[in-house]
Amino acid sequence: MMGSRGLFGWSPPHVQPLTPVSEVSEPPESPSPYTDGGVDPVAPEDEGGEEDMEEIEPPPAAVPFSRLFAYADRVDWALMAVGAVAAAAHGIALVIYLHLFGQAIDLLRYESEGSRLHNDGDLVLRKMKDHALYIVYIAISVLVAGWIEVSCWILTGERQTAVIRSKYVQVLLNQDMSFFDTYGNNGDIVSQVLSDVLLIQSALSEKVGNYIHNMATFFGGLVVGLVNCWQIALLTLASGPFIVAAGGISNIFLHRLAENIQDAYAEAASIAEQAISYIRTLYAFTNETLAKYSYATSLQATLRYGILISLVQGLGLGFTYGLAICSCALQLWVGRFLISHQKANGGEIVTALFAVILSGLGLNQAATNFYSFEQGRIAAYRLFEMISRSNSSINQEGSILGSVQGNIEFRNVYFSYLSRPEIPILSGFFLTIPARKAVALVGRNGSGKSSIIPLMERFYDPTLGEVLLDGENIKNLKLEWLRGQIGLVTQEPALLSLSIRDNIAYGRSATSDQIEEAAKTAHAHGFISSLAMGYETQVGRAGLTLTEEQKIKISIARAVLSNPSILLLDEVTGGLDFEAESAVQEALDILMLGRSSIIIARRLSLIRNADYIAVMEEGQLVEMGTHDELLNLDGLYAELLRCEEAAKLPKRTPIRNYKDSNLQTERASSGTQRLQEPSSPTLSKSPSLQRGEDILLTNQQDASYNSHESSKSHSPPPELTLENGMALEKFTSFKRQDSLEMRLPELPKLDVHSINRQSSKTSDPESPISPLLTSDPKNERSHSNTFSRPINLFDMVHVKRKEVNEFQQHKPPSFWRLVELSFTEWLYALLGSIGAAIFGSFNPLLAYTIALIVAAYYRIDGVRDVHHEVNRWCLFIACMGIVTVVANFLQHFYFGIMGEKMTERVRRMMFSAILHNEIEWFDDEENSADTLSMRLANDATYVRAAFSNRLSILVQDIAAVAVAFLIGLLLDWRVALVALATLPILTVSAVAQKMWLAGFSKGIQEMHRKASLVLEDAVRNIYTVVAFCAGNKIMELYRLHLSTILKQNFTLGMTIGFAFGFSQFLLFACNALLLWYTAISVHHGRLKVATALKEYIVFTFATFALVEPFGLAPYILKRRKSLTSVFEIIDRVPKIDSDDNTGINPPNIYGSIEFRNVDFFYPTRPEAMILSNFSLKVSGGQTVAVVGVSGSGKSTIISLIERFYDPVCGQILLDGRDLKLFNLRWLRSHMGLVQQEPVIFSTTIRENIIYARHNATEAEMKEAARIANAHHFISSLPHGYDTHVGMRGVDLTPGQKQRIAIARVVLKNAPILLLDEASSAIESESSRVVQEALDTLIMGNKSTILIAHRAAMMRHVDNIVVLNSGRIVEQGTHESLLQKNGLYVRLMQPHFGKGLRQHRVV
């Protein structure tokens, strides 16, 4: 008979749900009724959960179930009707088989009437063959029904959700901007629709079919049970609630614990995600140990909940199975009375018993769908509510002007954003823009200048007042026409995941010639033509493959193509370097010719040549005029300009004039020859303080230098000058009077040593240099004494996992590797295996005992006393039920502990291994922070699933198979061999079922995710999409994706439907074969009918248990890649290992850095050489600025000094030694890095600052913040230093983030400073404050390499190096480079107030 794995260790085909089972928490094959179709329904859990929820909060709103089908058309209804009939037929097939099974058992009556057996031998054979044939008919009908059922439901689900998706997107793209202000435009709205639609699709397709299928089994089972023997059927029904209760109660606890374990892992996931996202900062501050410790600590809570889950699961399953087995014993014991009173025969009793059990299982499986229905109804409510929203409240109708002159007027405009109505943005704003003139809007942060563009585009309407175009209120104009007259270019150009051609056209129909002409006007044709695919080049997700300059040029070309009358420019060149800025500005100048232009400007130097400059303050116009007029007025504009100019002035200007500066030079003279390559300029400019107290200086010789040429470097001790037997370049040592010395003009010379000693030990209140700014190399710090834990949970974004490039080179881990991983839990494995073996062996034992009881019913095998025989075997079954409780507890509890400990260990090993890798590894797309976070969360559970869960089932099934074959061989070896022969066929069936279980929708989900990328880009850039009226183009693209998916879905549905139907067919066909062979054996006299039917019963049970391990194969194969990826991460040997402790740790560091003939390219882009034969020397204590065009290799220099990468060839030396010789953590601990994008962790300001040194005192931390100009703004916050900064520092302004990052570096007090474009993206006013902080930072005696886009610090650095194409083309001081009038002057020109461009002739 075919029974349930829930009772006997295997699952019948009907129990497998027609839906993918979630693999996040547990794999579907886990031997648990909660995931694998046990006896207990989920309903009690849901009810209990809901009652609880009602106490806390009302249940979420949901649509009626019938509304899920609101978008079904006639074809869908036809598909659903056919699918429902097929599902019902499929569901009832197993019940019909069970009825035939009972009739086959009843053939035993021929053997009990011994005298007639010989005469009716042919009759027995004929009847058994007939039954075998009936089973074949059932197999064929199941094949057809299964195929139709699955195909129809998959197809109709995809058809209906395609309509929902399409309608949702159409409504979304037509919403007012206030909607996006309220709900955000970061793509979450799109990912939400994707996940919500999948819930609806699951509910209205697979789950409905599954529900009908199982309800047919439920009703069919009841009917067959009552028809065969109503007494046994009712008794079985009566015992059902007890079994259900046992499973239901444990399920409620499991549900709660599952939520707890998710919450517990969320904290660990947040720590891991931040560590990986900010890996450069983590390495720069040598905080790997801290991150590992924090992660390991936060995993402990997950481990505890996991063990509790194992305990509850073991007890829940034990009682569920135990009660079910005891219930069986009871029904069979009652059956003997019915036999003795001739109310029923043995076949009917067994059929009634198992038909009702089957019916209960059907109901249970049907109940599992209610959760999906509920989720689908809730998701549908959210989506349908959005679909039913009215579209944009702005009237699309209106008039059109005959011709547009371009006169714009804002008349008494009041405005505030709907999402923040309490904050006024404009208050009585008046502004008139004459036709074809350029007006620049300037003002402080929050003055309201940025709201002018959205009002002009009618993203919003004014609260009061009106905006006029050529005297007509723009509210009266047709919206699409109005936006067609306006060209918008923003600082962040909105590119879709399409070709460059489509991005320029952006929804407009344009010829290739028009597009190319627009690109030429925008100076974009050159770089587009140089690309391999030209205009057909895909710009990738959010245009990631292009530089900022290229993106802006494409957006300018887009504006050119629309040929607008009015141009709106929003700080277009804000984030560009000098050369890119001038190229883009040139394109903008051409575009602005003859057009009314509104320019939103944050840097005043760029708008001096505008026709008019309008100055705004608190939402009102306060000044207007030309640049010169406003300067003469000496009002707010003049003040803002002074603020910006102040940010460009040097803060280290000495009190004495440079010309009067008297500098002492000390040169080391030795017999060693100076090694100087011609291409290696020696840049040795002075520091203000000398580091190191015992420096040997020889033959001092005075010489006077011009202050700009003066230089001083420190000479290391003599032993540093010889390395590998070769003489290295001697360090020349100079002293220069600096800002500190200028305060003491009466001293002829500065005693560097005493000041160094004094400043490193005590804090002089009058000294301009804080002790935190002077290095003390002897004060080595440990960063692992304390730790901070980031506590914000990041949104987990779904990331596609790419194929592993070197997959062929990495073999999947061997079984023994997994054994080694869990060897410390061998005792748990042993105890769990004992439980699994006992429970597994009960499968065939129970079947055999039932066969013996049936034989006793028919008084076969010399049974005299039926009552005594039945009592004995029923008692045996009841004892098995009691032992089952213990066996299940042992199996699930101990294998659960083993699995949880294994998962925790693998996660720790993976995280630790991830933090070993060099930066190059993280540059690879498949090692992004999101992907690695997902691997940490999921892949470790696959290792557990592949080993401890598998081992549990394997031991259970091996025991079942061994006992079954032992019984089979004792009865008849031939039938046992036939059963074995069907194994390969049954394996194919099981594999097909498991693949079905894994879920057909995986591939479809991936296709939908790709389609949604177009939408995410559109929503993220909704302002540009709306401004260019590109919504219809987006809609058209999305519908094209949907139609492609629908076609693929049809093929996929048919394939999966057939595979599923065929797997069911094989299951019944093999059973028919076994019955047929048994009949043949009886006919030839090799077997008695009783023995034959005992074997048939035992093997019907056992073959499914036999197939189970093979059924796991696809799951294990599917997870091979996950397992491989786990061990690939763990086993990887990094090229630059931060945990390698072999390097040298010198007691002092002088800070002399030298690049010798360095070549370098990024491993992800080997075709682009970044540095070529690059040589540079920075003497100890010098400040060197590196400038150059975008992509010239400036930032690469810092990455190489930090050893994020190693050069391809050449050497980088620190104090005369190759960087590779130093201990990597020691090296990085002596460097302070300030990045262009300051990294702020999702924790408090305090923890962000002490990230540099966790044992820092409160006073040191505040001193660091003071030096970084951060203390004032931090103290003004309600919680001060304990203020939480939000996710990735979202609650702070860019300037505040930058100052916290500077404070962190100040606190680190490293002798080498690396500043990367530190203040380039900040408003003028904030930039000035940050600039002061940087100036203070550099005043210490530190070797500093500064990479900047702005001219702010150029006048007072010791030397400037100008890069182009990875080579040094100019170097010298600011003044000397100005005299050369070369590349430096061209790069810096916008920042010297000379006017960026010639005045435009209009």
Side-chain angles (χ1 to χ4, degrees), residues 1-8 10-18 33 37-43 84-106 134-135 138-139 141-142 145-146 149 209-244 247 320 323-325 327-328 330-332 334-335 344 346-369 847 850 1064 1067-1068 1071 1097 1100-1101 1104:
M1 120 84 199
M2 293 190 186
S4 146
R5 178 179 172 86
L7 281 171
F8 312 114
W10 58 268
S11 295
H14 81 289
V15 175
Q16 317 292 13
L18 298 183
V39 184
D40 54 309
V42 175
V85 171
H90 188 184
I92 213 162
L94 193 61
V95 182
I96 295 169
Y97 163 78
L98 197 56
H99 184 66
L100 293 172
F101 180 80
Q103 291 182 344
I105 286 177
D106 198 41
Y134 294 150
I135 296 171
I138 291 174
S141 63
V142 163
E149 172 194 1
N210 184 247
Y211 180 76
I212 294 168
H213 170 112
N214 284 304
M215 288 309 288
T217 304
F218 168 64
F219 288 115
L222 277 184
V223 170
V224 168
L226 292 168
V227 165
N228 274 278
C229 180
W230 62 269
Q231 296 94 333
I232 293 290
L234 291 177
L235 191 59
T236 310
L237 277 175
S239 64
F242 298 102
I243 300 168
V244 166
T320 304
L323 285 170
I325 291 172
S327 169
C328 265
L330 176 66
Q331 330 303 345
L332 292 168
V334 171
E348 287 168 346
I349 289 169
V350 173
T351 302
L353 169 62
F354 286 111
V356 175
I357 289 175
L358 201 57
S359 170
L361 287 166
L363 185 62
N364 172 48
Q365 282 299 305
T368 59
N369 295 302
I850 291 171
Q1064 305 295 287
L1067 219 54
F1068 285 100
N1071 196 270
I1097 290 170
T1100 298
F1101 277 86
F1104 292 98

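If you're wondering where the values come from, they're calculated on a predicted model, not measured in any experiment.
Applying the salt bridge (Lys or Arg N to Asp or Glu O under 4.0 Å) test to every pair with at least one member in residues 85-106, sequence neighbours left out, gives these pairs: Asp106-Arg109.
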From CA spacing to verdict: side-chain contact (heavy atoms from CB on, under 4.5 Å), Ile1097, Phe101: CA-CA 9 Å; Ile1097 290 170; Phe101 180 80; 3.8 Å; yes
Intermediate values then yes/no, side-chain contact (heavy atoms from CB on, under 4.5 Å), Tyr97 and Val142: CA-CA 11 Å; Tyr97 163 78; Val142 163; over 6 Å; no
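Taking both residues in full, the closest heavy atoms of Leu100 and Tyr134 are given as CD1-CB, 3.5 Å, listed atom of the first, atom of the second, then distance. Between Thr351 and Gly347, the shortest heavy-atom distance links the atoms OG1-O, 2.7 Å. Across every non-hydrogen atom of Ile349 and Gly335, the tightest pair is CD1-O, 3.4 Å. What you find for Gly209 and Ala87 is that their closest heavy atoms are O-CB, 3.6 Å.
From Leu94, atom CG reaches atom CG of Leu98 across 7.0 Å, with rounding to the nearest 0.5 Å. Note that SG of Cys328 and CG of Leu323 are 11.5 Å apart. Values are rounded to the nearest 0.5 Å. For the atom pair NE2 (His90) and CG (Asn210), the distance works out to 10.5 Å, reported to the nearest 0.5 Å. Rounding to the nearest 0.5 angstrom, the gap separating the CG atom in Leu330 from the CG atom in Leu353 is 10.0 Å. For the atom pair CD1 (Ile92) and CD1 (Ile138), the distance works out to 11.0 Å, reported to the nearest 0.5 Å.
Residues satisfying the side chain to side chain contact (heavy atoms under 4.5 Å, CB included) criterion with Ala88, sequence neighbours excluded, are Ile212, Ala216. Residues passing the side-chain hydrogen bond (donor to acceptor under 3.5 Å, both in side chains) test with Ser327 are Ser239, Gln331, sequence neighbours excluded. Applying the ring-ring contact (aromatic ring centres under 6.0 Å, His included) criterion to Tyr211, with sequence neighbours excluded, gives Phe370, Phe373.
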Per-pair distances, 0.1 Å, donor-acceptor, side chain in residues 222-236, under 3.5 Å, sequence neighbours excluded:
{"from": "Asn228", "atom 1": "ND2", "to": "His99", "atom 2": "ND1", "distance (Å)": "3.2"}
{"from": "Asn228", "atom 1": "ND2", "to": "Val224", "atom 2": "O", "distance (Å)": "2.8"}
{"from": "Thr236", "atom 1": "OG1", "to": "Ile232", "atom 2": "O", "distance (Å)": "2.7"}

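At a threshold of 4.5 Å between non-hydrogen side-chain atoms, the residues Thr368 and Asn214 do not count as touching. You'll find the side chain of Leu361 stays beyond 4.5 Å of the side chain of Thr217, heavy atoms only. Using a 4.5 Å heavy-atom cutoff, the side chains of Asn1071 and Leu1067 are not in contact. Side-chain contact between Met215 and Leu363: present, with at least one pair of heavy atoms (C-beta onward) separated by less than 4.5 Å.
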